[in-house]
Number of protein chains: 2
Amino acid sequence: MPAKDAFAIGALSEETGVNIETIRYYERIGLLRKAARSAAGYRLYRPGDVARLCFVRRARDLGFSLEDVRRLLALADRESRSCEGAKKIAEAHLEEVRAKLVDLRQMERVLAATVKACGRGTVPDCPLLGSLGRLT
Amino acid sequence: MPAKDAFAIGALSEETGVNIETIRYYERIGLLRKAARSAAGYRLYRPGDVARLCFVRRARDLGFSLEDVRRLLALADRESRSCEGAKKIAEAHLEEVRAKLVDLRQMERVLAATVKACGRGTVPDCPLLGSLGRLT
DNA sequence: GTTGAGTCTGTAGTCGCTACAGGCTGTACC
DNA sequence: GGTACAGCCTGTAGCGACTACAGACTCAAC
């Protein structure tokens with residue numbers, strides 16, 4: 001018999017803001033442990049699962065990959081004496097984010113300039129299409 | 001018989017910096033027209049194809065989706081009288097880029113603060129893991 | 001009893017490539 | 001002519017991180 005504080009996947013989804021399909025996906029790939037089941041085969045969750053999934057969600061919001069999240073969860077689970085591991089993961093990710101920012105800012109600059117130059121003239125003269133390259 | 005300025009896919013890849021597999025992929029999904037073939041079935045390209053693929057590459061570098069690229073190519077092809085269409089596509093894309101920039105900057109801020117706070121103390125106290133959520 | 005919402009599994013689709021396997025071709029050298 | 005080796009071919013499957021079904025079952029309310 002299920003414990004009385006257990007709830008189904010819909011409630012977990014509601015609580016955490018994580019899509020039901022995504023929760024099942026996380027279980028399938030082993031990011032979340034296999035949930036307990038009711039007699040009818042429904043997944044049953046308990047309050048601790050909300051915390052765990054919120055952790056995943058926040059990490060995802062910060063752009064960590066699922067592989068990173070997996071490692072962070074493992075680190076959070078075992079009470080080892082330092083969080084050096086977590087820091088390394090976060091630092092590496094921060095580097096990636098910063099690299100992406102550089103790329104994206106560059107894109108933004110070029111796009112903004114291009115759009116600004118556009119909107120007058122015909123296609124053969126269109127600065128936007130022209131800046132992408134002349135087709136022969 | 002192939003024209004004398006024709007070249008194979010490897011040369012096109014070299015010229016444009018686009019991976020061979022990617023070129024074939026673009027052809028498969030109809031982004032590039034089907035290439036002419038040699039007697040032995042090798043794809044044959046001409047200088048105009050370099051220009052076209054460079055156009056695609058630059059658009060991709062600016063973050064346009066392949067669907068956008070397809071539309072931009074179509075607009076560049078027909079010599080219609082205005083480039084309003086191209087401008088609309090670029091403006092919409094610019095909006096997306098800016099939205100992503102906002103997200104990424106937010107990520108960067110939070111991550112940087114978290115990493116900074118981390119690196120002293122044990123896992124139960126780790127500010128990084130703690131900031132993601134306490135697991136029960 | 002019946003409706004409707006919730007849940008289940010399994011599979012396939014998305015985007016934009018990338019990486020094979022297994023075979024043919026083209027060229028250079030001996 | 002033989003042989004090595006690079007280059008090209010098709011077709012399929014994989015990546016990450018979901019998302020969207022189909023078709024079946026269950027649960028709660030009326």
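First the proteins, then the strands, lettered A, B, ... as listed; each starts at 1. In this text, all values refer to a predicted model and were calculated from it rather than measured experimentally.
- Atoms CD (B/E27) and P (D/dC8) sit 14 Å apart, rounded to a whole Å.
- The listed nucleotides are D/dC9, C/dG16, D/dC21; the one nearest the side chain of A/E21 is D/dC21.
- Here D/dC21 presents its P atom at 15 Å from CD1 of A/I20, a figure rounded to the nearest Å.
- The CD1 atom of A/I29 sits 8 Å away from the P atom of D/dC18 (whole-angstrom rounding).
- No more than 12 heavy atoms of other residues, nucleotides or ligands shown are found within 6.0 angstrom of CD on A/E14.
- In the set C/dT7, D/dG7, D/dT19, the nucleotide with an atom closest to the side chain of A/N19 is D/dT19.
- Ranked by how close their nearest DNA chain C nucleotide is to the 5' end, B/Y42 and B/E67 are led by B/E67.
- When the nucleotides C/dT9, D/dA17, D/dT19 are ranked by their closest atom to the side chain of A/T22, D/dT19 comes out on top.
- Separating the CD1 atom of A/I23 from the C1' atom of C/dG6 is a distance of 13 Å, rounded to the nearest angstrom.
- Place A/R28 and A/R24 on DNA chain C by their nearest nucleotides, and A/R24 ends up nearer the 5' end.
- Atom CD of B/E96 and atom P of C/dC15 are 13 Å apart (whole Å).
- In this entry the distance linking OH of A/Y26 with C1' of D/dG16 reads 11 Å, nearest Å.
- A/S13 places no side-chain N or O within 3.5 Å of a backbone atom of A/I9 that could act as its donor or acceptor partner.
- In summary, A/E27 and A/R52 do not engage in a salt bridge, as defined by a charged side-chain N under 4.0 Å from a carboxylate O.
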Given salt bridge (charged side-chain N to carboxylate O under 4.0 Å, His left out), test B/R71 with B/D68 step by step and report yes or no. CA-CA 5 Å; B/R71 289 195 209 106; B/D68 280 349; 3.0 Å; yes
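- Between the CZ atom of A/F7 and the P atom of C/dT7 there is a distance of 12 Å, given to the nearest Å.
- Atom CG in B/L44 sits roughly 17 Å away from atom P in D/dG7 (whole-Å rounding).
- Taking the side chain of A/Y25 as heavy atoms from C-beta on, and the options D/dC9, D/dA17, C/dC17, the nearest nucleotide is D/dA17.
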B/E84 and B/K87: CA distance, side-chain angles, deciding distance, salt bridge (charged side-chain N to carboxylate O under 4.0 Å, His left out) verdict: CA-CA 5 Å; B/E84 270 305 295; B/K87 196 183 184 185; 5.1 Å; no
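- Which of C/dT25, D/dA17, C/dC8 sits closest to the side chain of A/R60 comes down to D/dA17.
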